[in-house]
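I have placed the structure first, in the form of structure tokens, so that the comments after it can refer back to it.
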Amino acid sequence: MVSYIIKRSLLSIPLLVIISFLTFGLNNLSPLDPAEVILHAQGVPAITDELIAETKAALGMDRPFLIRYLSWFVSCLQLDFGNSYVTGKTVWSLLAPAFLNTLKLTLVSAAAIIALSIGLGVISALREGKMTDKSIRGVSFFLTSMPPYWLAALMVWYFSVQLDLLPTSGMDSYESYILPVLVITISYTGIYFRIVRSSMLSNMNEDYVLYGRASGLPEKKITMHILRNSLQVAVSVFCMAIPIILGSTVVVENIFAWPGLGTLSVKAILSRDFPIIQAYVLVLAMAFVLFNTVSDIMNAAMNPKLRKGH
Amino acid sequence: MTRKIVVLLSALLVSIVLLAGCSGGNERNAGNVGNAAKKEAADQAKVLVYATAKDINDMNPHLYPGSLPAQGMVYESLVENTEDGIKPLLAESWNVSDDGKVYTFHLRKDVKFHDGEPFNADAVKKNIEAVQSNASKHAWIKLSTKIVSVSVLDEYTFEMVLSEPYYPALLELSMTRPYVFISPKDFVNGETKDGVSGHNGTGPYKLTEHKTDQYAAFKANDSYWGGAPKVKSITAKVLPAGETTFLALKKGEVNFIFTDDRGSDSIDVDAMNQLMDSGDFQLVRSKAMNTKMIVANSSKADNPALETAVREAIWYSIDRETISKQIFSGTETAAHTLFSANVNYANVELKQRGFDLDKAKQLLEKAGWMQENGSEIRMKDGKPLAMKLYYDVSSSSQKTEAEFIQNTVKKIGVQLELIGEESSSIASRRATGDYDLLFNQTWGLAYDPQSTISAFTSESAYYHTTSGITQADELYKKIDEVMVTQDEEKRKSLYADILTIVHDEAVFIPITNGSVTIVAPKDLQGISFKQTQFELPFEQMHFE
């Protein structure tokens with residue numbers, strides 16, 4: 001198992017290097033002169049050729065592409081992503097708090113999504129075709145198909161303005177978590193519970209279930225077996241849910257004025273603050289690679305057969 | 001096997017319990033918070049919380065990323081630009097030498113920075129020198145290229161020597177940045193270009209707390225030389241989405257909004273009307289502050305817009321009244337000249353060009369642009385009358401205006417291709433001359449006419465707009481002259497000539513005049529405006 005974990009983790013390193021190169025390269029493909037972009041981003045009212053040359057020299061942009069990439073990559077390894085074009089602050093000092101804020105939102109939402117999906121998925125599968133199953137699927141279909149911004153606006157209007165129970169936005173207290181978490185949970189539970197449900201259903205038709213019943217195993221024990229096998233599929237899906245939510249909070253964060261990665265990245269994209277965009281893409285890519293690795297390892301831990309190939 | 005299931009299930013159980021506990025507790029708390037918030041709201045009914053789409057950002061007053069309204073509360077300039085001209089602010093009085101090169105300022109003696117440091121000639125010298133040491137960033141403000149030396153005459157007297165007479169010197173000293181003053185204690189290594197260690201100005205409000213992308217809190221400066229402001233606390237709350245801003249206003253979490261620095265209102269006209277109907281708010285609109293316009297490139301080969309007749313025809317085919325009524329719901333008025341008449345020196349007699357499609361067609365035909373039977377586009381020498389119009393994708397109104405104009409010019413046989421781009425890329429097109437037509441706006445009351453007009457000659461601004469016209473050389477000569485002349489009558493006549501030339505050449509095609517909009521609590525009095533669309537005089541406001 002240890003050797004599997006090491007091998008699997010080492011595999012992700014070349015992937016991250018490729019991603020970092022693409023990120024840096026794509027940002028450099030922009031038709032605009034980066035020095036000009038910086039000066040616009042800083043709100044300088046008039047940009048002269050002299051100023052552009054000065055800025056380029058100051059930021060080492062007159063060096064060849066590969067050298068710039070290498071020096072950027074080496075400093076990224078030390079968590080130094082450079083300075084924001086707009087504020088001049090280090091990217092790390094902007095990214096770290098935003099990442100933490102988004103992570104808080106993501107973890108609470110992911111816990112809610114996983115709990116609800118498993119619960120609803122199991123109930124739905126056990127009651128396949130009955131009223132309970134139909135209503136769970138109907139309601140979830142309805143909620144999932146609502147655009148998150150509309151759902152969010154509706155909830156703020158009802159819970160904050162009409163009932164005056166919760167704040168409309170910001171992250172000042174625990175109460176401010178409720179609405180954003182609800183919106184994210186509603187948007188994703190509908191998708192994930194269906195995965196649990198269908199995996200449960202396909203397991204129910206497996207030979208081992210028939211064999212178990214034939215040998216007179218108690219129904220509860222059989223259900224537990226089915227659940228355990230179905231969750232194996234779900235584990236990898238749930239692991240990937242975390243980076244997916246992490247990267248898709250833009251709409252929710254924007255509406256709830258949540259000072260997280262989504263807000264930061266949109267702002268950076270609009271003002272072409274490339275160091276922040278690069279760091280954001282890199283952090284998200286790392287999250288995807290990391291959780292993918294974790295999900296593989298967890299699956300391997302639950303199913304020794306998967307380890308055999310390695 | 002069973003152990004793993006147990007682990008999995010207990011993890012599930014724990015999360016459910018956590019969640020249940022969480023929501024249960026929250027409902028309880030939420031009730032408390034509702035009441036607490038109401039009580040708090042009653043206690044603090046006399047504060048202003050304004051919504052801003054962007055964080056206040058770096059508040060260093062000698063650089064440009066910071067929020068202008070926030071910087072305007074914290075920092076002050078030597079003089080102030082008002083409707084009645086330049087008035088004293090941190091300088092009580094000043095003299096200008098006969099040759100127009102030496103400015104002597106007598107400073108107020110009762111001013112302290114927020115950190116208690118005295119405001120004196122030494123502080124002024126240090127600040128101006130800090131600005132000058134980063135000169136290339138300030139090239140837009142011509143004064144920065146003309147200051148030769150700054151010196152302290154005595155504790156409260158300060159002298160500034162220019163290389164040549166420059167009449168807008170006082171105007172440029174009155175702007176929100178960069179010639180404003182921060183406590184020299186906040187300098188880093190004796191300078192401000194690499195950042196500052198604090199934000200202590202001399203203004204009516206102090207910045208007391210700043211949480212990036214969340215809010216910034218300002219408290220009244222009770223020892224302000226102009227008297228303690230009556231509104232004791234102002235908070236800038238970051239709300240990027242207009243829908244949330246509207247709901248936050250309805251709920252009372254935010255009670256004040258105003259037009260942002262791009263001249264766009266964060267909530268739409270319908271939402272504003274709903275707020276007015278609730279009876280808790282008032283809406284105040286300033287007089288015209290700037291002109292939104294289409295700028296034509298007069299110097300690009302193969303661009304039909306280099307012909308005066310084509311530019312004039314476009315001018316005649318824009319239905320400004322409908323744009324004002326339909327697109328802006330009357331919040332912006334139709335503009336017929338580059339500057340509205342309330343801009344200094346801009347009250348000049350100019351030829352009126354109303355909405356007249358027949359006139360437009362005649363102009364084009366006279367210039368040789370013919371429309372074959374059945375064809376939609378006019379042709380001349382085998383070339384179609386087609387141009388590209390660039391607009392700012394992040395402006396909600398520009399796209400609609402562009403589509404509307406595209407539709408009307410089609411009726412006179414002109415084809416417009418619309419291209420939406422980021423504002424930075426539009427600025428770079430303007431600088432390189434890579435455009436036919438693009439949307440832009442004048443700088444605004446405090447800066448005009450001198451800033452927009454000096455931009456006519458600047459490569460990075462309107463050089464490509466103006467350099468193709470026949471009288472370009474004469475125009476540039478007059479612009480150079482108007483900036484240095486000491487004679488008021490001559491200045492008036494030069495401005496009149498300059499405005500007449502660009503008007504007759506129709507290179508700046510005006511559309512509407514924008515103004516600043518404020519939505520404020522009903523009982524807030526003393527709401528007024530400055531000569532700029534970027535700042536508000538918060539210190540004059542008070543609750544009744």
Side-chain angles (χ1 to χ4, degrees), chain A residues 31-33 36-37 40-51 54 86-89 94 97-98 108 111-112 114-115 118-119 149 153 156-157 160-161 163-175 177-178 224 227-228 231 254-257 259 263-264 266-267 270-272 302, chain B residues 1-2 4-5 8-9 12 15-16 18-19 22-23 25-27 29-31 33-34 37-38 54-55 57-58 63-66 136-141 194-195 211-215 237-241 243-244 247-248 250-251 253-254 394 422-425 427-428 431 455 458-461:
Chain A
L32 292 170
D33 184 337
E36 232 181 290
V37 171
H40 275 299
Q42 290 176 345
V44 176
I47 292 160
T48 56
D49 291 341
E50 185 199 359
L51 196 51
E54 210 174 90
V86 179
T87 60
K89 288 184 195 161
L94 298 166
V108 178
I114 293 171
I118 294 178
Y149 66 86
V156 174
W157 171 78
S160 306
V161 181
L163 300 181
D164 197 11
L165 288 176
L166 299 166
T168 57
S169 54
M171 54 166 285
D172 313 323
S173 57
Y174 289 115
E175 284 78 31
Y177 279 80
I178 298 176
M224 284 316 252
L227 183 64
R228 179 180 169 280
L231 284 187
N254 217 34
I255 289 186
F256 290 104
T263 316
L264 186 76
V266 168
K267 212 169 64 174
L270 285 179
S271 54
R272 311 209 172 191
M302 297 204 312
Chain B
M1 293 289 156
T2 3
K4 275 174 201 149
I5 297 173
L8 258 173
L9 281 178
L12 173 69
S15 36
I16 293 175
L18 266 176
L19 215 79
C22 201
S23 57
N26 281 332
E27 267 163 36
N29 288 342
V33 163
K38 272 181 207 150
K54 280 185 259 166
D55 188 60
N57 239 323
D58 179 14
L63 293 175
Y64 297 93
S136 54
K137 281 250 161 83
H138 309 297
W140 71 280
I141 192 159
D194 299 320
K211 275 202 167 173
T212 307
D213 285 335
Q214 296 187 58
Y215 61 87
K237 194 169 184 232
V238 181
L239 288 174
E243 299 83 8
T244 319
L247 292 168
K250 278 197 95 167
K251 192 178 178 224
E253 283 176 2
V254 167
S394 44
E422 286 295 324
S423 56
S424 55
S425 117
S428 107
S458 158
E459 278 275 3
S460 64

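Sequence lines set the chain letters: A, B, ... in the order given, protein chains first and strands last, and positions in each chain run from 1. These numbers come from a predicted model, not from an experiment.
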>> Taking side chain as everything from C-beta outward and backbone as N, CA, C, O, which of these in B:L63 sits under 4.5 Å from a heavy atom of chain A? Side chain, backbone, both or neither.
In response: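 Answer is neither: B:L63 stays 4.5 Å or more from chain A.
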
> Side chain, backbone, both or neither: which part of B:T212 has a heavy atom under 4.5 Å from chain A?
Replying inline: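 Its backbone and side chain both get close to chain A.
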
> So which of A:L51, A:L264, A:V266 has the largest heavy-atom pair count under 4.5 angstrom toward chain B?
Replying inline: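 The answer is A:L51.
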
> Counting heavy-atom pairs under 4.5 Å to chain B, which of A:A98, A:S160, A:P97 comes out on top?
Replying inline: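 Looking at each option in turn, the highest pair count goes to A:S160.
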
> When rounded to the nearest 0.5 angstrom, what is the spacing between OG1 in A:T263 and CG in B:D55?
Replying inline: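 That separation rounds to 11.0 Å.
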
> What is the distance from atom CG of B:L239 to atom CD1 of A:I255, rounded to the nearest 0.5 Å?
Replying inline: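 Nearest 0.5 Å value for the CG-CD1 distance: 11.5 Å.
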
>> If I compare all heavy atoms of B:V238 with all of A:A257, which pair ends up nearest, and what's the gap?
In response: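 Nearest pair, atom of B:V238 first, then A:A257: O-CB, 3.3 Å.
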
> Can you tell which of B:A461, B:A241, B:A248, B:P240 has the highest number of heavy-atom pairs within less than 4.5 Å of chain A?
Replying inline: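 Heavy-atom pair counts peak at B:P240.
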
>> Just so I understand: if I count every heavy-atom pair under 4.5 Å between each of B:Q214, B:E253, B:H138 and chain A, which residue has the most?
In response: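 The residue among B:Q214, B:E253, B:H138 with the greatest pair count is B:E253.
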
>> Check this for me: does any side-chain nitrogen of one of B:D213 and A:K267 sit under 4.0 Å from a carboxylate oxygen of the other?
In response: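 Salt bridge between B:D213 and A:K267, a charged N being under 4.0 Å from a carboxylate O: yes.
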
> Does the side chain of B:K237 reach to within under 4.5 Å of the side chain of A:S169, using non-hydrogen atoms?
Replying inline: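 A side-chain contact exists here, since the closest heavy-atom pair is under 4.5 Å.
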
>> Is any side-chain heavy atom of A:V156 closer than 4.5 Å to one of B:E243?
In response: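 When only atoms from C-beta onward are counted, A:V156 and B:E243 do not touch, as no gap falls below 4.5 Å.
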
